[in-house]
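Note sheet for the following structure.
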Amino acid sequence: MSRTQSLISEGFYLESGVIQTPLLHSKLLSEQLGCNLYFKCENLQNTGSFKIRGATSAITRLVARDPHAEVVTASSGNHGIGTAAAAKAMGVPITIYVPDSVSEVKAEKIEARGARLIRVAGGTEVAEQTARSVSGGGSMVYISPYNDLDVISGQGTLGCEIAEQLPGVDCIYVSVGGGGLISGIAANIKHLKPEVKMTGVWAENSPVMLTCMKAGKVIEVDEQPTLSDGTAGGLDSDSITLPLCQRLIDECQTVSEIEIARAMMSVWRQHGIYVEGSAAASLAAVIKDAPKLKGKNVVVLLCGGNITDETFAAAEEVSKQ
């Protein structure tokens, strides 16, 4: 039994409201692209993104080890919302450090779930450094958004769900940030169905993990602003996801800002669904790869839907270029 399958058998879905999200067949996009296209709708997950899965896994196992532990983490969005929800469900005190540039919408969602929110001057990296320093001793335990085996195993529940919902799946497209999501999905899907191809997707403006994979080590990577902000940011120097991504990702694809924006509009026009740029990036890669996907059963991971009206409007303008 895999680490993730063990987690599921221990009552994973009962702990914090994690739900098995639907797999939506996109009939019109399937006809347009010539493949059988399915959306794994984590945008419909409680908290609006997949992050609650990893948070639930990590906090469940933390509480099993130490019932009196407190959680500290850092986030500018979905990870903070997910960990706040999981901590509240299990009665665990949590403090979340956020950059002072955090959107008020995301800050409100974090605080609404009972977390103590502390703003710090600077970007997400500064918030992470501050959270790590606070967890240096005592009962406060830092939970990384991706660099944690328990977090990865929680994200891996998606691989088990996809295998069950679409036994004939041929390939899965997943946007890559820190690599925890695709590592978890790939580890489980390849255990259950070794023939399935995993394609990692990056915004051209922020190919951090891809560049590190090519270098064979964690390095500094220049980034530009991207609609796929959920996958932006550097890697921890001791990232356990780098070797996992090198081993488990079969193909890599990059997409431009215009391609991401147009994919966001495609999901909206065909299904009336707002998704984040990081979710649409995976669809953009499928559109790019369509000629080699003819007749295949393709799953696109819609990793989240926590997007403001202003960001969506900005994407709509980019899509017209």
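If you read the sequence from its start, that first residue is 1, and numbering goes on from there. All figures in this text were calculated on a predicted structure; none of them were measured in a lab. Because only heavy atoms are used, hydrogens play no part in the values below, and waters and symmetry mates are left out as well, while side chains stay in.
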If I compare all heavy atoms of [X] with all of [Y], which pair ends up nearest, and what's the gap?
X	Y	value
Ala131	Tyr142	CB-CE1, 3.7 Å
Ala115	Ala84	CB-CB, 3.9 Å
Val92	Glu70	CG1-CA, 4.3 Å
Val151	Ile143	CG2-CG2, 3.9 Å
Gln253	Ala285	CG-CB, 3.7 Å
Gly233	Ser206	N-OG, 4.1 Å

Between [X] (side chain) and [Y] (backbone), is there a donor-acceptor pair under 3.5 Å?
X	Y	value
Lys40	Thr21	yes
Ser183	Gly180	no
Asn46	Ile19	no
Lys193	Pro167	yes
Ser57	Arg53	no
Asn205	Pro225	yes
Ser135	Met140	no

Nearest-0.5 Å distance, [atom1] of residue [X] to [atom2] of residue [Y]:
X	Y	atom1	atom2	answer
Ile52	Ile59	CD1	CD1	9.0 Å
Thr211	Glu223	OG1	CD	9.0 Å
Thr199	Lys288	OG1	NZ	12.5 Å
Leu235	Cys212	CG	SG	4.5 Å
Arg119	Ser101	CZ	OG	9.5 Å
Met198	Leu248	CE	CG	8.5 Å

Practice item. Verify whether one side chain among Glu257 and Thr226 offers a donor that lies under 3.5 Å from an acceptor in the other. Key: yes
Exercise for review: Indicate whether the side chain of Glu204 and that of Ser256 have a donor and an acceptor atom separated by less than 3.5 Å.
Suggested key: no
Point to revise | Close side-chain approach of Thr60 and Phe12, heavy atoms under 4.5 Å | key: no
Point to revise | Heavy-atom side-chain contact between Leu242 and Met213 under 4.5 Å | key: yes
**Study point:** Pairs touching residues 79-98 that satisfy side chain to side chain donor-acceptor pair (under 3.5 Å), sequence neighbours left out
**Key:** Thr73-His79
Review point. Which other residues end up in the same hydrophobic cluster as Ile258, if Ile, Leu, Val, Met, Phe, Trp and Tyr are linked when side-chain heavy atoms come under 4.5 Å apart?
Key: Val318
Answer yes or no: is there an ion pair linking [X] with [Y], defined by an N-O contact shorter than 4.0 Å?
X	Y	value
Asp236	Arg132	yes
Arg61	Asp148	no
Glu251	Lys292	yes

Practice item. Give the intermediate values and the outcome of side chain to side chain donor-acceptor pair (under 3.5 Å) for residues Thr231 and Ser278. Key: CA-CA 6 Å; Thr231 60; Ser278 53; 6.0 Å; no
Practice item. Identify whether Leu23 and Val196 are in the same connected component of the hydrophobic contact network (ILVMFWY, side-chain heavy atoms under 4.5 Å). Key: yes
Exercise for review: Quick one: do Phe39 and Val267 satisfy side chain to side chain contact (heavy atoms under 4.5 Å, CB included)? Show the steps, please.
Suggested key: CA-CA 10 Å; Phe39 290 131; Val267 177; 4.2 Å; yes
**Study point:** Stepwise side chain to side chain donor-acceptor pair (under 3.5 Å) check, Thr241 with Ser239
**Key:** CA-CA 5 Å; Thr241 52; Ser239 176; 2.6 Å; yes
Exercise for review: Measure the acute angle between the ring planes of Tyr274 and Phe312, then classify it against the limits of 30° and 60° as parallel, tilted or perpendicular.
Suggested key: parallel
